[in-house]
Colleague: 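Sharing a structure here in structure tokens format.
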Amino acid sequence: MPIGRVTQVVDCRESMGMGKGGGLAQRGTISECRYPDIIVVGMSPGRRHVTKPVCDITSGLRREGVEFSVSTLVLNAGSGVPSDAPGIAGSVLGAYFGLNAKEISQIEQHKVAILHHGNVRSHVVEKVRFILQHCEINAILVSQAPVDYEDLAKVGVKTAYVMPDEKNIRTKGKIVAIVSGVTRGQTPTRENLAEVISAVMKTIKE
């Protein structure tokens, strides 16, 4: 689909959506663009897990003229928390957060990942840790709950500003930016989108 003078791939999902109007992407789906530049990773949809900000972020990046291909991945097992998260309750209907080999490969094909994983700080931190433990990629964390670099470093996540002790590093990937205050189920503000776009542009250039 042409946008202005630049032709970009505007692909929402690889299969039919859920809900009224087919607007909500199903779990286990990815929309792939021609060139693997940026991937937005969202949790599985459900009553409490609303993936809406994911599509808003991808369309916002394109609308603002970011001349990179943007893919969207809705995780197959994006609910709950990882099974190795110590002392955290909260698995949804007995489900644990996880990645399969195909999802890891899909994420690692890209240059930058944007991770959106809900509103419970401890859950967000552990999900990010689990993804970056398996995927070697620079990532931007987008969340509703306030999360800082110290929170991530405490569980062994490498970040651009705070690093865990060398013996406690648990991730191959690294968090390079955090954008908090993005409410699930609602369209992000222009300020939020500007923060995400700025972080993406800086990371791509570096």
Side-chain angles (χ1 to χ4, degrees), residues 11 13-14 25 27-45 49 51 53-55 57-58 61 66 68-86 88 95-118 120-143 147-149 151-164 166 168-179 182 196 199-206:
D11 203 7
R13 60 185 65 85
E14 69 175 10
R27 69 182 65 221
T29 67
I30 182 172
S31 66
E32 293 180 320
C33 291
R34 184 175 179 187
Y35 302 108
D37 292 321
I38 303 160
I39 186 164
V40 185
V41 182
M43 53 199 170
S44 305
H49 281 196
T51 58
V54 171
C55 286
I57 290 168
T58 56
L61 286 166
V66 175
F68 300 103
S69 294
V70 185
S71 302
T72 306
L73 172 64
V74 179
L75 294 176
N76 183 58
S79 303
V81 294
S83 60
D84 62 351
I88 296 180
Y96 284 104
F97 179 88
L99 296 172
N100 58 42
K102 182 179 179 182
E103 290 169 335
I104 292 169
S105 174
Q106 288 168 332
I107 292 171
E108 288 194 321
Q109 287 173 14
H110 294 77
K111 298 172 184 174
V112 181
I114 299 173
L115 308 179
H116 175 263
H117 296 289
V120 181
R121 181 187 298 172
S122 59
H123 292 198
V124 171
V125 167
E126 290 292 347
K127 288 178 180 181
V128 168
R129 187 268 306 163
F130 189 89
I131 290 174
L132 297 183
Q133 191 169 327
H134 292 85
C135 301
E136 188 170 355
I137 192 168
N138 286 333
I140 298 162
L141 170 58
V142 176
S143 70
V147 178
D148 59 33
Y149 297 100
D151 293 328
L152 296 162
K154 284 177 185 175
V155 298
V157 178
K158 294 192 293 185
T159 82
Y161 301 99
V162 180
M163 288 290 283
E166 191 165 341
N168 295 327
I169 291 175
R170 300 176 65 186
T171 63
K172 297 188 289 184
K174 179 172 69 174
I175 289 293
V176 296
I178 298 173
V179 180
V182 178
V196 174
V200 166
M201 298 299 291
K202 179 180 178 183
T203 306
I204 287 282
K205 287 178 181 177
E206 291 177 351

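Keep in mind that the numbers below use all heavy atoms, side chains included, and drop hydrogens, waters and symmetry copies.
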Colleague: To the closest 0.5 Å, what do you measure between CD1 (Ile178) and OG (Ser143)?
Modeller: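 Interatomic distance, Ile178 CD1 to Ser143 OG, rounded to 0.5 Å: 7.5 Å.
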
Colleague: So, for Val112 and Ile137, which heavy atoms are closest and what is the spacing to 0.1 Å?
Modeller: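 Heavy atoms only, the tightest pair is C-CD1, 3.8 Å.
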
Colleague: Are any non-hydrogen side-chain atoms of Ile140 and Val176 less than 4.5 angstrom apart?
Modeller: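 Touching, per the 4.5 Å side-chain cut-off.
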
Colleague: Run the numbers on Val40 and Leu73 for side chain to side chain contact (heavy atoms under 4.5 Å, CB included), then give the verdict.
Modeller: CA-CA 6 Å; Val40 185; Leu73 172 64; over 6 Å; no

Colleague: Can you name the closest pair of heavy atoms from Val157 and Leu132 and give their distance?
Modeller: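 Heavy atoms only, the tightest pair is CG1-CD1, 4.1 Å.
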
Colleague: Report yes or no: does Thr171 contribute a side-chain atom to a donor-acceptor pair with the main-chain N or O of Lys158 at less than 3.5 Å?
Modeller: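 Present.
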
Colleague: Write down the atom of Leu75, the atom of Leu99, and the distance for their closest heavy-atom approach.
Modeller: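 Between these two residues, the closest heavy atoms are CD2-CD2, 3.6 Å.
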
Colleague: Any heavy-atom pair between the side chains of Ile131 and His117 that's under 4.5 Å?
Modeller: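 Yes, at least one pair of side-chain atoms sits under 4.5 Å.
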
Colleague: Quick check: closest heavy atoms across Val162 and Ala153, and the distance to 0.1 Å?
Modeller: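 Reported closest heavy-atom pair: CG1-CB, 3.6 Å.
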
Colleague: What residues, two or more places apart in sequence or in another chain, satisfy side-chain contact (heavy atoms from CB on, under 4.5 Å) together with Glu108?
Modeller: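 For Glu108 the side-chain contact (heavy atoms from CB on, under 4.5 Å) partners, ignoring immediate neighbours, are Ile104, Cys135, Glu136, Lys172.
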
Colleague: Would you indicate whether the side-chain heavy atoms of Ile114 and Val41 approach each other to under 4.5 Å?
Modeller: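 A side-chain contact under 4.5 Å is absent here.
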
Colleague: Taking NZ, NE, NH1 and NH2 as the nitrogens, is one of them in Arg129 or Asp84 under 4.0 Å from a carboxylate oxygen of the other?
Modeller: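 Salt bridge: yes.
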
Colleague: Would you say the ring centroid of Phe97 lies under 6.0 angstrom from that of His123?
Modeller: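 No.
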
Colleague: Should Ile169 and Met163 be marked as a side chain to side chain contact (heavy atoms under 4.5 Å, CB included) after you check the CA-CA gap, both sets of side-chain angles, and the distance that decides it?
Modeller: CA-CA 8 Å; Ile169 291 175; Met163 288 290 283; 4.1 Å; yes

Colleague: Which heavy atom of Tyr149 sits nearest a heavy atom of Ile175, and at what distance?
Modeller: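 Scanning both residues completely, I find the closest heavy atoms to be CE2-CG2, 4.0 Å.
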
Colleague: Using every non-hydrogen atom in the two residues, find where Pro164 and Gly156 come nearest and quote the distance to one decimal.
Modeller: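 For Pro164 and Gly156, the tightest heavy-atom pair comes out as CG-C, 3.6 Å.
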
Colleague: What's the spacing between Glu126 CD and Ser83 OG if we round to 0.5 Å?
Modeller: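 Answer for the CD-OG pair, Glu126 versus Ser83, is 10.5 Å.
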
Colleague: Hey, are the side chains of Leu152 and Leu141 touching, using non-hydrogen atoms and a 4.5 Å cut-off?
Modeller: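 The answer is yes; the side chains approach within 4.5 Å.
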
Colleague: Measuring only between side-chain heavy atoms, which start at C-beta, is Ile38 closer than 4.5 Å to Lys111?
Modeller: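 The answer is no, as the side chains (C-beta and beyond) never meet within the 4.5 Å cut-off.
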
Colleague: Give a yes or no answer on whether the side chain of Thr203 reaches the backbone of Ala199 with a donor-acceptor pair at less than 3.5 Å.
Modeller: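 Yes: the side chain of Thr203 pairs with the backbone of Ala199.
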
Colleague: Could you pull out all residues at least two apart from Lys202 that satisfy side-chain contact (heavy atoms from CB on, under 4.5 Å)?
Modeller: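 So Lys202 forms a side-chain contact (heavy atoms from CB on, under 4.5 Å) with Tyr161, Glu206.
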
